[in-house]
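To start, the structure under review is shown below, and the notes come after it.
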Amino acid sequence: MPQYCETPNPTEWDERMGPASKDHTDFRRYPRGDAASGVREHYRKMRSRQTVAYNQRVREKYLDFKRPMGMWEVIEKLNQLVDVSDPDVSLPNAQHGVQSAAAVRRDQGPDWLELVALIHDAGKILFLWGCEDDGTSPAEQWGIVGDTFVVGCRLPDTCVYPELNPLNPDMEDERYSTVLGCYQPGCGLDRVTLSWGHDEYLYQVLSHHRGNRLPEQAMAQIRYHSFYPWHREGSYRELMGPKDGEYLEWVHQLNTYDLYSKSDEVYDLNEVEPYYTPLIERYLGNEPILW
Ligand code: FE
Ligand code: FE
């Protein structure tokens, strides 16, 4: 585990940022009826196409670690992507990362947590080399974003739009449609396969990156932050292992900043870059990361 550095003193730039003004109940309200079209359609595709077989195929395809790119460059490129699954955000994803990191800074959280908040969605960069068929293009994001779930066992009713669960072909396969499915009780989250998307992609990319000095806590936050049926709704308890209670606390720590920092504030990326680049280098080194 690395030594944590002190958060630098607040600057004028911090003072510009007042507290997030929305109430917590204003977030994650999933629209119904006509208003639901985009978000619900995203979940319809995700739920019906993210199967065990799909997961095996895309993991093999995208985890080849052949594309060198620095983390800040990735963040900048995310200024071209708006998450179609998010009912709370219509700004590009780079803004969401900076807003989340700024919220950690406002609370004087540890610097590694500030970095995790900044980069937690960096796996969405998949859109640059994705394709429609895999759900990894900007138009088809069902293989990049949205709440994740476990593939290989029964979908719980705690998923958003649970009426879409029967559309998943694995729910008709007796190996994958029971509560435990293909898993052993208490096997631990590190041994289950989550639906494919930006969480797992970034986790795998950083696990493979030699310069990675992020603590274990950060890696769990990255890997499980979209796993709402587990971290918010309390499902999948039968799969949890001895470490996962701790994981849950860690994931809740990031979630506060991921969710409740969302606002209309737009940052000039050029203005904040000199602050974030040294932070990135402190924990990820200055060699390019292989995506
Ligand atoms: Fe995310
Ligand atoms: Fe996020």
Side-chain angles (χ1 to χ4, degrees), residues 20 22 24 26-30 39 42-43 46 50 62 71 74-107 109 112-128 130 135-136 138 141-150 159-160 189 194-207 214 217-233 247-248 250-267 269 272 276 291:
K22 277 180 157 181
H24 284 193
D26 289 338
F27 296 90
R28 286 182 62 82
R29 284 198 185 149
Y30 286 88
V39 177
H42 169 85
Y43 276 103
M46 187 181 183
Q50 287 255 3
Y62 291 108
M71 185 57 85
V74 167
I75 302 284
E76 281 180 321
K77 289 201 157 62
L78 286 177
N79 227 16
Q80 300 163 36
L81 185 76
V82 178
D83 183 330
V84 293
S85 73
D86 193 330
D88 303 314
V89 173
S90 50
L91 287 176
N93 219 101
Q95 296 296 330
H96 165 57
V98 177
Q99 286 178 358
S100 305
V104 176
R105 187 168 159 92
R106 203 156 41 214
D107 281 358
W112 62 264
L113 184 60
E114 227 181 302
L115 179 59
V116 174
L118 177 75
I119 69 171
H120 73 280
D121 281 342
K124 293 180 187 176
I125 198 66
L126 253 182
F127 86 93
L128 272 191
T136 50
Q141 299 180 23
W142 55 267
I144 306 180
V145 299
D147 294 359
T148 53
F149 55 86
V150 179
C159 293
V160 294
L189 293 189
L194 290 185
S195 55
W196 175 250
H198 68 282
D199 292 29
E200 184 68 11
Y201 184 49
L202 181 62
Y203 173 81
Q204 293 294 343
V205 164
L206 293 182
S207 298
L214 283 168
Q217 197 166 343
M219 295 301 285
Q221 289 169 334
I222 287 167
R223 194 176 201 181
Y224 301 111
H225 75 269
S226 303
F227 193 17
Y228 279 86
W230 169 69
H231 72 66
R232 169 167 290 215
E233 305 297 338
Y247 277 15
L248 190 59
W250 297 343
V251 172
H252 284 160
Q253 182 187 31
L254 175 69
N255 189 243
T256 310
Y257 299 106
D258 183 8
L259 193 52
Y260 303 129
S261 67
K262 290 173 183 174
S263 77
D264 297 326
E265 171 133 36
V266 177
Y267 289 90
L269 294 183
V272 298
Y276 286 121
W291 299 81

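All ligand and atom numbering here is 1-based and tracks the order in the structure. These values consider heavy atoms only, across backbone and side chains, with no hydrogens, waters or symmetry-generated copies.
Considering all non-hydrogen atoms of both residues, Tyr62 and Tyr201 come closest at O-CE1, 3.7 Å.
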inquiry  = Walk me through whether Glu114 and Tyr276 qualify under side-chain contact (heavy atoms from CB on, under 4.5 Å).
reply    = CA-CA 9 Å; Glu114 227 181 302; Tyr276 286 121; 4.3 Å; yes
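The pair Arg232-Asp147 fails the salt-bridge criterion, with no side-chain N (NZ, NE, NH1 or NH2) lying under 4.0 Å from an Asp/Glu carboxylate O.
The Fe ion (ligand 2) has Asp258 among its coordinating residues (N/O/S atom, backbone or side chain, under 2.8 Å). At a cut-off of 2.8 Å, Asp121 coordinates the Fe ion (ligand 1) through an N, O or S atom.
For the Fe ion (ligand 1), the nearest N, O or S atom contributed by His198 is named NE2.
Rounding to the nearest 10°, we obtain 90° for the angle at the Fe ion (ligand 2) between His120 NE2 and His96 NE2.
No hydrogens or angles considered: nothing links the side chains of Gln99 and Glu265 as a donor-acceptor pair under 3.5 Å.
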